[in-house]
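Structure, as structure tokens:
Within every chain, numbering begins at 1; the chains are lettered A, B, ... in the order of the sequence lines, protein sequences first and strands thereafter.
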Amino acid sequence: MNNGKTMEILMKNAVNVFNEEELRTKLNSGKSLKIKFGADPSRPDLHLGHTVPLRMLKVLQQAGHHIIFVIGDFTGMIGDPSGRSKTRSQLSYEETGKNGQTYFEQVTKILDPSKTEIVYNSEWLGKMRFADVIELAGKYTLARIMEREDFSARYSNNQPIGIHELLYPLIQGYDSVAVNADIEIGGTDQTFNLLVGRELQKDYGQIPQVVMTFPLIAGLDGVEKMSKSLDNYIGIDESAEIMYEKCMRIPDGLLTDYFRLTTDICEAEYTDIISEDIREAHKVYARKIVEMYHGRDCINAAEDRYNSIAAKAIPDNIDVFHIEEYETGIIDVLVKTGLATSNSEARRLIAGRGIKIDGITVNDFSVRLKGKFVICRGKNKFIEVRMKMI
RNA sequence: GGAGAGGUUCCCGAGUGGCCAAAGGGGGCAGACUGUAAAUCUGUUAUCUAUGAUUUCGAUGGUUCAAAUCCAUCUCUCUCCA
């Protein structure tokens with residue numbers, strides 16, 4: 001891939017580039033550049049939202065550049081106390097190491113492992129003495145930190161701001177100094193932090209990194225950004241069937257963004273399908289995503305399963321749950337299989353006509369069950385139960 | 001160091017002695033409609049051996065026939081002043 005093409009793809013997707021001229025110069029220098037990308041160490045469960053910048057990293061990789069993943073294990077080990085009641089679980093060295101490994105396995109579904117390096121920021125942050133921290137803190141001013149909108153908003157609303165929180169941008173920015181990054185990539189929510197890195201590099205006598213930010217995609221709820229904790233995500237580790245199903249649930253208005261930011265399908269092609277038949281467009285997207293993360297061979301099975309559920313039929317390969325009893329009540333079965341979390345919830349679901357056995361709605365709490373049957377909650381949770389046979 | 005405001009069920013937030021398992025909203029779940037979308041409407045959202053019982057309103061103890069509500073102590077959080 002030539003530099004012009006690389007530049008074009010980056011510019012097309014980036015929200016902001018600081019700044020474009022520097023980027024062009026660096027790309028044309030002929031050097032293999034160091035591209036920094038920061039990663040949260042706590043939960044290495046990547047979803048499609050993460051793939052937006054990852055795909056840009058791939059483009060850079062294909063142009064011969066070197067990716068450095070900085071795992072923020074140092075901050076992970078301190079634990080961020082801003083969550084109030086819960087003290088965030090502190091991660092051990094083994095855990096962060098393991099998470100890093102998992103992370104690597106997931107990102108290499110997209111990236112070339114031979115050009116991808118993982119480093120942990122505890123390597124340098126852990127060695128800093130207090131004097132070093134003071135020196136770092138002295139490079140920035142309160143006024144500049146307060147430029148960050150969330151800080152200033154919290155301040156004017158009399159919300160607490162921890163001193164360590166003020167330091168976070170500096171800590172993260174220092175990572176850029178430590179790895180001497182040429183370019184840093186991140187989501188638009190990281191803009192401020194990335195720019196701090198750029199400023200700090202100047203202070204430490206380095207050539208400042210080019211900062212590029214990319215859009216965050218909204219999750220399946222259509223409002224919030226995609227995130228695991230909001231449960232509105234499509235995980236790249238999820239099964240082909242689940243992926244397909246979730247893709248079909250993407251709100252119509254967001255499909256264009258999903259196509260643009262998470263696939264290679266060209267603009268003309270997807271805009272055509274979307275304007276013609278939005279339903280078909282979802283299918284095209286779902287197939288593409290399954291293909292990307294599970295391979296072409298998995299597409300048909302995932303699609304068939306989806307269609308059979310949509311037709312209100314029971315899918316072929318559903319989870320089987322064994323109960324070591326000959327006979328028991330419906331409520332017991334719901335709780336044992338995890339379809340309900342308590343007897344009360346089980347009763348509620350039955351009262352609300354949300355439970356079916358072999359396709360027939362249950363309307364009596366006292367139903368006794370035995371043998372083999374398929375039980376479902378709502379429209380898409382199915383479990384085949386096999387009781388002990390006589 | 002001083003002054004003040006707070007801690008309510010998944011979240012936000014009402015509730016100042018019985019009608020409180022606790023308003024309202026959000027979110028979740030289920031139903032209708034549909035394209036397993038969105039929007040809309042409905043129901044539901046502590047637990048249990050279930051027309052009843054048990055536990056829940058930061059913690060512990062107390063007052064009372066009766067406490068989320070009153071008192072004491074403790075604890076945590078936030079704001080302001082110095």
Residue pair [X] / [Y], side-chain donor-acceptor N/O under 3.5 Å:
| X | Y | value |
| --- | --- | --- |
| A:Gln61 | A:Thr116 | yes |
| A:Glu345 | A:Thr341 | yes |
| A:Tyr244 | A:Ser239 | no |
| A:Arg148 | A:Asn193 | yes |
| A:Glu184 | A:Gln190 | no |
| A:Thr361 | A:Lys356 | no |
| A:Ser176 | A:Gln201 | no |

Review point. Do A:Phe104 and A:Phe69 have ring centres separated by under 6.0 Å?
Key: no

Which whole number of Å gives the distance between the [atom1] atom of [N] and that of [M]?
| N | M | atom1 | value |
| --- | --- | --- | --- |
| B:rU60 | B:rU69 | P | 13 Å |
| B:rA66 | B:rC20 | C1' | 13 Å |
| B:rU56 | B:rU47 | C1' | 10 Å |
| B:rU8 | B:rC70 | P | 16 Å |
| B:rA72 | B:rA82 | C1' | 30 Å |
| B:rU51 | B:rA38 | P | 38 Å |
| B:rC76 | B:rA59 | C1' | 10 Å |
| B:rA67 | B:rU55 | C1' | 16 Å |

Could you please name the partner base of [N], counting Watson-Crick and G-U wobble pairs only when both distances are under 3.5 Å?
| N | value |
| --- | --- |
| B:rC20 | none |
| B:rU69 | none |
| B:rG1 | B:rC81 |
| B:rC29 | B:rG43 |
| B:rU49 | none |
| B:rG6 | B:rC76 |

**Study point:** Within residues 261-273 of chain A, residues whose heavy atoms come under 4.0 Å of RNA chain B
**Key:** none

Review point. Where along residues 333-366 of chain A does a heavy atom come under 4.0 Å from RNA chain B, residue by residue in number order?
Key: A:Ser342, A:Asn343, A:Ser344, A:Arg347, A:Arg348, A:Leu349, A:Gly352, A:Arg353, A:Gly354

Check your understanding: Salt bridge between A:Arg368 and A:Glu327, side-chain N to carboxylate O under 4.0 Å?
Key -> yes

Review point. Is A:Glu199 salt-bridged to A:Arg144, going by a charged N under 4.0 Å from an acidic O?
Key: yes

If I take atom [atom1] in residue [X] and atom [atom2] in nucleotide [N], what distance separates them, rounded to the nearest angstrom?
| X | N | atom1 | atom2 | result |
| --- | --- | --- | --- | --- |
| A:Asp277 | B:rG35 | CG | P | 12 Å |
| A:Glu280 | B:rA37 | CD | P | 18 Å |
| A:Leu255 | B:rA38 | CG | P | 14 Å |
| A:Ile278 | B:rU36 | CD1 | P | 14 Å |
| A:Lys379 | B:rA37 | NZ | C1' | 11 Å |
| A:Phe382 | B:rU36 | CZ | C1' | 10 Å |
| A:Asp221 | B:rC29 | CG | P | 11 Å |
| A:Ile274 | B:rA37 | CD1 | P | 19 Å |

Practice item. Just say parallel, tilted or perpendicular for the rings of A:Tyr270 and A:Phe259, cut-offs at 30° and 60°. Key: parallel

Check your understanding: Any side-chain N or O of A:Arg377 under 4.0 Å from OP1/OP2 of B:rG28?
Key -> no

Study note, to complete from the structure: Per nearest nucleotide of RNA chain B, the residue lying toward the 5' end, A:Gly378 or A:Ile250, is A:Gly378

Practice item. By nearest nucleotide on RNA chain B, pick out whichever of A:Ile331 and A:His282 is the more 5' one. Key: A:His282

